[in-house]
Amino acid sequence: MSSIYGLYERLLSEYGTQGWWPFLDTSYHKDDYSYPQNSKQLFEIYLGVVLTQNATFKSVVQSLENLKSLDALSPIKVLNLDEHILKEAIKPSKYYNQKALYLQNVAHFFMAQNGKTPSRADLLSIKGIGEESSDSILLYGYNEPQMIIDAYTKRIFTHFGFVGEGAKYRDLKGLIEAEFSKKLSGKDLVIAYQEFHALLVEHAKRFYSRKPYGCSIHAEFV
DNA sequence: AGCCAGGCTACCG
DNA sequence: CGGTAGCATGGC
């Protein structure tokens, strides 16, 4: 087995389903893909997406808990929060000056959206939301079939030889989506993208933090 | 004690 | 367009 889909199946058998996104809401259960179920959970994804940019999972949880203790997990409350307080709350997630602005931007956007599903272009127009953040919001927030490409995905795919060093975001996204959309559709496709992304992160945390890369799974695909 | 985290914007050529 | 400096904390 040497296909990209084969890697997905192999990682799934290795680590199992990850059932992923919301950081704070403990009502979220693995293998239940019906989330987010309300506006609060949806906005938490927007917050998490911004905070997680080049930051660790732990630090994002810390920041979200700080915001929660300030009762500032809703867009209007983020906007009403004193800027200094907001920055202090999200400090663990780095770049707090930039991210405070980004959080205000997504809060405005979220309210203007009024429940509608945004387009990818709309999301990209927000200062602070790039390609990965857009796809994360669409895939986990709105269950739209958009594969997320992050630094780990690129690292693993380059190491496996699926793409060259110079591959760009759209190259990786196109490659994966072309193969997956031939095999799956509808909700199954969304779930596969969610799980594949989460599995790549899990795998990368174990084996792709530091060179030399590689593990037994890589050897199976050479 | 360093190294490095699930990026993005602005600005360079 | 493609490439990269700057952002800037804290866990391991």
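To find a chain, count down the sequence lines: A is the first, B the second, and so on, and within it residues start at 1. Predicted model, so just to flag it, every value in this text is computed and none were measured.
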Between [atom2] of [N] and [atom1] of [X], the distance in whole Å:
{"X": "A:Lys87", "N": "C:dT9", "atom1": "NZ", "atom2": "C1'", "answer": "15 Å"}
{"X": "A:Asn54", "N": "B:dC3", "atom1": "CG", "atom2": "P", "answer": "16 Å"}
{"X": "A:Lys94", "N": "B:dC8", "atom1": "NZ", "atom2": "C1'", "answer": "12 Å"}
{"X": "A:Glu88", "N": "C:dA8", "atom1": "CD", "atom2": "C1'", "answer": "13 Å"}
{"X": "A:Gln98", "N": "B:dC8", "atom1": "CD", "atom2": "C1'", "answer": "7 Å"}
{"X": "A:Phe57", "N": "C:dG10", "atom1": "CZ", "atom2": "C1'", "answer": "16 Å"}
{"X": "A:Leu51", "N": "C:dT9", "atom1": "CG", "atom2": "P", "answer": "15 Å"}
{"X": "A:Lys205", "N": "B:dC3", "atom1": "NZ", "atom2": "P", "answer": "22 Å"}

Assert: residue with more 5' nearest nucleotide on DNA chain B, out of A:Ser125 and A:His197, is A:His197
Partner of B:dA1 under the Watson-Crick or G-U wobble criteria, both distances under 3.5 Å, comes out as none
Any A:Thr52 side-chain nitrogen or oxygen under 4.0 Å from OP1 or OP2 of B:dG7 |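 Looking at the OP1 and OP2 atoms of B:dG7, neither is under 4.0 Å from any side-chain N or O of A:Thr52.
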For [X], answer base if it contacts any base atom (sugar-phosphate contacts may also be present), sugar-phosphate if it contacts only those atoms, and nothing otherwise; contact means non-hydrogen atoms under 4.0 Å.
{"X": "A:Lys127", "answer": "sugar-phosphate"}
{"X": "A:Ile149", "answer": "nothing"}
{"X": "A:Glu131", "answer": "sugar-phosphate"}
{"X": "A:Ser136", "answer": "nothing"}

Is there aromatic stacking of A:Tyr95 on B:dG7 here, judged by a ring-centre distance under 5.5 Å and a plane angle under 30°? yes
### Query
More 5' along DNA chain C: A:Lys91 or A:Arg170, using each one's nearest nucleotide?
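Upstream on the strand: A:Arg170.
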Is the number of heavy atoms from other residues, nucleotides or ligands under 6.0 Å of A:Lys68 NZ greater than 12?
no
- Task: Can you label the angle between the A:Tyr46 ring and the A:Tyr142 ring as parallel, tilted or perpendicular, going by 30° and 60°?
- Result: perpendicular
Handout entry: Separation of the P atoms in C:dA8 and B:dG2, to the nearest angstrom
Key =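 Comparing P positions in C:dA8 and B:dG2 gives a spacing of 23 Å.
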Exactly one candidate in A:Tyr8, A:Tyr5, A:Tyr33, A:Phe180 meets ring pair (Phe, Tyr, Trp, His ring centres under 6.0 Å) with A:Tyr193; the answer is A:Phe180
Aromatic centroids of A:Tyr208 and A:His159 separated by under 6.0 Å
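Yes, the ring centres sit under 6.0 Å apart.
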Note to self: Would you compute the distance between atom CG of A:Leu47 and atom CG of A:Leu73 and round it to the nearest 0.5 angstrom?
What the structure shows: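 Rounded to the nearest 0.5 Å, the CG-CG separation comes out at 6.5 Å.
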